Undergrad: 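Sharing a structure with you now.
Keep in mind the model is a prediction, meaning the values are calculated, not measured.
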Amino acid sequence: MFSGAMNIPPAFSFLVCLRLLFAVLPLSGQNLLKHDHQLSSPLTSYLRLKEGLWLLDNNIDPYTGGSFHHSPLLLSLFSTIVPSLPIIWAISDAVRAWALLRIWRARQGLSSQTGTRSSVENFIISVYLLNPYLLLPSLALSTSTFENTLTLLALMFASQGKVSSALLAIAFAVHLTPSSILLLLPIFMVLVSSPVSHLASPRPFYGNLKHIPFLFGEFTLCWCVLVGAACIIAGGSWSWVRASWDATLTLPDLTPNPGLWWYFFTEMFDHFRPFFLMVFSVHLVIYILPICIKFQHDPLYAAFLLIGVLGTFKAYLTLADPGLFLSMISIFPEVHGYLRHPIITTLLHLHAALLLPLQHVLWVSEGRGNANFYYAASLVMGMAGGAGLVDACWAGMRIAVGDAKVWAEEKVDGEKRQG
């Protein structure tokens, strides 16, 4: 994956070395980060992962207590192959940044042998590795880092036309977090078409739709292999399904987070709960077809928008989810000039980033507030995510109208000169 090393931008080498330094040197506030609900959820917490590893070492089923929600694959990985050391998260950050860079190169039609635009690539790498929404969850050793890595790897392999690698990566991502299924259709569309930008010149989808059932079959095979491996690791038991996948649908743990679900279901009467769980879950799914149909001429941009949907409405949201969406905007420079209110979106995120830790301390640590204080900050985060998503949709549609208008004006000017 790191082929074309001669084209590695300087910012990548410097920032990756800096990130590895953070992993090696002990950080005084890292324990505080591990306990921060904004950086890790019950499904991605490093402390929950350590608890599961301890239970496994003592021959106790980690899924019997109801507090462990990680996949058996992660449990096996960290108990037998990879030590749960901070440097693993740092390496994952480097892989994510490199994958994002390769996606941009594929979108621009650049290969590892062709010349690159170092200033743009330095900007992309810097935006990603210096994004606090992504850096802090990684320092907190949240497993959301690995989920984002798999998502970007799936998009990178799809952009490069590597079918099996892309399907395996997205199958692994769906196995870890079922909500990643939203990205399946746009990844199929990228595989049968092209990642090159066509936002300025929309046209009907030109890929071969007959290949999509075969892609879905291969994805299903990869996913079933992962499920089978998880069952074998769990000793033939299916209890991990209820503890891991079912948790994203039934919301058994109402630990506060920056998302919109937890407070709503804290106040919910039990007899209304199944209906609204269905409504909230279906709400995520309804975005897939409209976005993929509207942006069928640019499925990579459709995938980007669906990542924004997840970064706003995901059940167990952490800052890593909107962070991925915000960093990916850097690989779509053609839409930057068409964003209507980027300053407002930025201020909303800044406002939420200040309010969330403040209200969390007031409520949880100091005991001077209540859940309403923290949920108000969560609503601001939701507004920020929604504003960015709507603005990105607008810019993706407006660019075609803007470029057509410029082309028409240039044509009229040319006719006037000829006349």
Undergrad: Please walk me through it: do Asp246 and Val241 pass side chain to side chain contact (heavy atoms under 4.5 Å, CB included)?
TA: CA-CA 6 Å; Asp246 195 50; Val241 174; 5.8 Å; no
Undergrad: Under a 3.5 Å cutoff, is there a donor and acceptor pairing between the side chains of Asp321 and Tyr133?
TA: no
Undergrad: Return yes if a side-chain donor-acceptor contact under 3.5 Å exists between Glu218 and Ser164, otherwise no.
TA: yes
Undergrad: Looking only at atom types and distance, does a side-chain atom of Asp391 sit under 3.5 Å from a main-chain N or O of Leu339, one as donor and one as acceptor?
TA: no
Undergrad: Under 4.0 Å between a Lys/Arg side-chain N and an Asp/Glu carboxylate O for Arg203 and Asp298?
TA: no
Undergrad: Would you give the length of the straight line joining atom CG of Asn58 to atom CG of Leu53, rounded to the nearest 0.5 angstrom?
TA: 11.0 Å
Undergrad: From Leu135 CG over to Leu139 CG, what is the distance, rounded to the nearest 0.5 angstrom?
TA: 4.5 Å
Undergrad: Under a 4.5 Å cut-off applied to non-hydrogen side-chain atoms, are Phe219 and Leu168 in contact?
TA: no
Undergrad: Scan side-chain atoms only and decide if Arg19 and Ser138 contain a donor-acceptor pair under the 3.5 Å cut-off.
TA: yes
Undergrad: Can Ile212 and Leu191 be said to form a side chain to side chain contact (heavy atoms under 4.5 Å, CB included), step by step?
TA: CA-CA 9 Å; Ile212 289 185; Leu191 284 170; over 6 Å; no
Undergrad: Please work out which of the three classes, parallel, tilted or perpendicular, describes the rings of Phe264 and Phe280, given edges at 30° and 60°.
TA: tilted
Undergrad: If every non-hydrogen atom of Glu121 is compared with every non-hydrogen atom of Trp104, which pair is closest and at what distance?
TA: OE2-CZ3, 3.5 Å
Undergrad: For a ring-ring contact (aromatic ring centres under 6.0 Å, His included) with Tyr263, tell me which candidate from Tyr374, Tyr375, Phe373 qualifies.
TA: Tyr375
Undergrad: For Ile288 and Ile181, what are the C-alpha separation, side-chain angles and deciding distance, and is it a side chain to side chain contact (heavy atoms under 4.5 Å, CB included)?
TA: CA-CA 10 Å; Ile288 300 175; Ile181 196 73; 5.6 Å; no
Undergrad: Classify the side-chain pair Ser67/Glu51 by whether it contains a donor and acceptor separated by less than 3.5 Å.
TA: yes
Undergrad: Of all heavy-atom pairs between Ala247 and Pro252, which one has the smallest distance, and what is that distance?
TA: O-CD, 3.4 Å
Undergrad: When you compare the side chain of Ile124 with that of Pro9, does any pair of heavy atoms fall below 4.5 Å?
TA: no
Undergrad: With distance as the sole test, does Ser79 use its side chain to make a donor-acceptor pair with the main-chain N or O of Ser76 at under 3.5 Å?
TA: yes
Undergrad: Could you tell me how the ring of Phe304 sits relative to the ring of Tyr301: parallel (under 30°), tilted (30 to 60°) or perpendicular (over 60°)?
TA: tilted
Undergrad: Do any N or O atoms from the side chain of Arg273 and from the backbone of Thr250 form a donor-acceptor pair under 3.5 angstrom?
TA: yes
Undergrad: Just checking Tyr206: does its OH atom have more than 12 heavy atoms from other residues, nucleotides or ligands closer to it than 6.0 angstrom?
TA: yes
Undergrad: If we only count heavy atoms from C-beta on, is the Trp261 to Ser281 side-chain gap below 4.5 Å?
TA: yes
Undergrad: Any non-hydrogen side-chain atom of Arg107 less than 4.5 Å from a side-chain atom of Phe332?
TA: yes
Undergrad: Please tell me if the side chains of Asn122 and Pro10 come closer than 4.5 Å, counting only heavy atoms from C-beta onward.
TA: yes
Undergrad: Of the non-hydrogen atoms in Ser144 and Ala320, which two are nearest, and what is the gap between them?
TA: OG-CB, 3.5 Å
Undergrad: Is there side-chain contact between Ile307 and Leu155, with heavy atoms separated by less than 4.5 Å?
TA: yes
Undergrad: Crowded around His351 NE2? As in, over 12 foreign heavy atoms under 6.0 Å?
TA: no
Undergrad: When rounded to the nearest 0.5 angstrom, what is the spacing between OG in Ser237 and CG in Asp61?
TA: 6.0 Å
Undergrad: Relative to each other, are the rings of His175 and Phe172 parallel, tilted or perpendicular (30° and 60° limits)?
TA: perpendicular
Undergrad: Could you verify whether a donor N or O on one side chain and an acceptor N or O on the other, from Ser92 and Thr149, lie under 3.5 Å apart?
TA: yes
Undergrad: Counting distance only, does the side-chain N/O of Thr345 pair as donor-acceptor with the main-chain N or O of His341 below 3.5 Å?
TA: yes
Undergrad: Would you say the side-chain atoms of Gln296 pair up with the backbone N or O of Pro204, donor to acceptor, closer than 3.5 Å?
TA: no
Undergrad: With no hydrogens and no angle check, do the side chains of Ser327 and Asn131 hold a donor and an acceptor under 3.5 Å apart?
TA: yes
Undergrad: Fit a plane to each ring of Trp262 and Trp363, take the angle between them on a 0 to 90° scale, and name the class: parallel (under 30°), tilted (30 to 60°) or perpendicular (over 60°).
TA: parallel
Undergrad: Tell me, yes or no, whether the heavy-atom count around Lys294 atom NZ, taken from other residues, nucleotides or ligands under 6.0 Å, exceeds 12.
TA: no
Undergrad: Grab the two heavy atoms, one from His70 and one from Pro42, that are nearest each other, plus how far apart they are.
TA: CE1-O, 4.3 Å
Undergrad: Once the angle between the rings of Trp89 and Tyr46 is folded into 0 to 90°, is it parallel (under 30°), tilted (30 to 60°) or perpendicular (over 60°)?
TA: perpendicular
Undergrad: If you draw a 6.0 Å radius around CE in Met383, do more than 12 non-hydrogen atoms from other residues or ligands fall strictly inside?
TA: no
Undergrad: Between Ser45 and Ser41 (side chain of the first, backbone of the second, donor and acceptor by atom type, cut-off under 3.5 Å), is there such a pair?
TA: no
Undergrad: Quick one: NZ on Lys34 to CZ on Arg48, what's the gap to the nearest 0.5 Å?
TA: 15.0 Å
Undergrad: Is there a ring pair (Phe, Tyr, Trp, His ring centres under 6.0 Å) between Tyr338 and Trp394? Walk through the geometry before answering.
TA: CA-CA 8 Å; Tyr338 295 93; Trp394 165 265; 9.4 Å; no
Undergrad: Any non-hydrogen side-chain atom of Gln38 less than 4.5 Å from a side-chain atom of Asn257?
TA: no
Undergrad: Is the CG atom of Leu25 crowded by more than 12 outside heavy atoms at less than 6.0 Å?
TA: yes
Undergrad: A side-chain contact here means heavy atoms from C-beta on lying under 4.5 Å apart; do Leu43 and Thr248 qualify?
TA: yes
Undergrad: Can you list the steps and then say if Met381 with His349 is a side chain to side chain contact (heavy atoms under 4.5 Å, CB included)?
TA: CA-CA 6 Å; Met381 175 61 76; His349 274 289; 4.1 Å; yes
Undergrad: Heavy atoms only: give me the nearest Tyr128-Leu100 pair and the separation to one decimal.
TA: CD1-CD2, 3.5 Å
Undergrad: Determine yes or no for a side-chain-to-main-chain donor-acceptor pair under 3.5 angstrom, with His69 supplying the side chain and Ala243 the backbone.
TA: yes
Undergrad: Whether Glu334 and Arg398 form a salt bridge (side-chain N of Lys/Arg under 4.0 Å from carboxylate O of Asp/Glu) is what I want to check.
TA: no
Undergrad: Under a 3.5 Å distance rule, please check whether Ser126 uses its side chain to pair with a backbone N or O of Phe123 as donor and acceptor.
TA: no
Undergrad: For the CZ atom of Phe157 and the CD1 atom of Ile103, what is their distance to the nearest 0.5 Å?
TA: 10.0 Å
Undergrad: Shortest non-hydrogen contact from Leu300 to Pro195?
TA: CD2-O, 3.9 Å
Undergrad: Check the side chains of His283 and Tyr287 for a donor-acceptor pair under 3.5 angstrom, ignoring hydrogens and angles.
TA: yes
Undergrad: In Å, rounded to the nearest 0.5 Å, how long is the span from NE2 of His297 to OG of Ser194?
TA: 12.5 Å
